[in-house]
Amino acid sequence: RKEVEQDPGPFNVPEGATVAFNCTYSNSASQSFFWYRQDCRKEPKLLMSVYSSGNEDGRFTAQLNRASQYISLLIRDSKLSDSATYLCVVNTPGGGATNKLIFGTGTLLAVQP
Amino acid sequence: DGGITQSPKYLFRKEGQNVTLSCEQNLNHDAMYWYRQDPGQGLRLIYYSQIVNDFQKGDIAEGYSVSREKKESFPLTVTSAQKNPTAFYLCASNPGQGMEKLFFGSGTQLSVL
């Protein structure tokens, strides 16, 4: 089982649609969670951190379910500019005292006019 | 402007040749990282450095080497021992001390001639 798993998509949705991405992680000791956005052939950029209580930033809502070991990202009223790959990132205990960031393969979103 | 600069943007390597990818940051960050991204795969950690003159292997260090002689600079050499070097290479940094948000450079696409 991969340490972090995402549905690769693509998710093709019309403008204005609501779309949800899920991500599962295998290490129950994982401590923190993030969603990054990556445009084609560009660097990933932090979209939002994911907190236990859930958190919202405008049209974006992130949720964490520790019992089931998954996190989600909900995008409401999608815009053409939301088209990108969304990477799930999990901070997991590594060897010794260090943690390591594990990246999912990403979910491709294509918003259609 | 503060940030991370990677160069070159595109790089071509001949068989048996070593090539070096540059990464410079002026964010005064202690920690720097090199990732490799292949199509349909998540970012994989090659090497990381948490402090000047010290670095550790990541998950896929074979065929690569790094140095960290200055805080600002973390060059990556792709050696001839790396048999499948074609990929998108991303350099990142963060302040360290458990600060997990990564700041990425714009990436270098390496291809084999």
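Numbered from 1 within each chain, the chains take letters A, B, ... in sequence-line order.
Under 3.5 Å, the side chains of N12(A) and Q112(A) contain a donor-acceptor pair of N or O atoms. Side-chain contact of R66(A) with S30(A): a donor-acceptor pair under 3.5 Å is absent, judged by distance alone. A side-chain donor-acceptor contact under 3.5 Å links S73(B) and E24(B).
Between R44(B) and D38(B), at least one side-chain N (NZ, or NE/NH1/NH2) sits under 4.0 Å from a carboxylate O, which counts as a salt bridge.
Contact of Q56(B) with chain A is not made at all, since no heavy-atom distance falls under 4.5 Å. Neither the backbone nor the side chain of Q6(A) comes within less than 4.5 Å of any heavy atom of chain B. P44(A) touches chain B through backbone and side chain together, each having a heavy atom under 4.5 Å away. Neither the backbone nor the side chain of F103(B) comes within less than 4.5 Å of any heavy atom of chain A. Looking at L43(B), both its backbone and its side chain come within 4.5 Å of chain A, counting heavy atoms on both sides. Within the 4.5 angstrom heavy-atom criterion, no atom of Q6(B) approaches chain A.
Between F74(B) and Y48(B), the ring center distance fails the sub-6.0 Å criterion. In summary, the aromatic rings of Y25(A) and F33(A) are positioned with their centroids under 6.0 Å apart.
Between chain A and the residues A92(B), G58(B), G42(B), the largest count of heavy-atom pairs under 4.5 Å involves G42(B).
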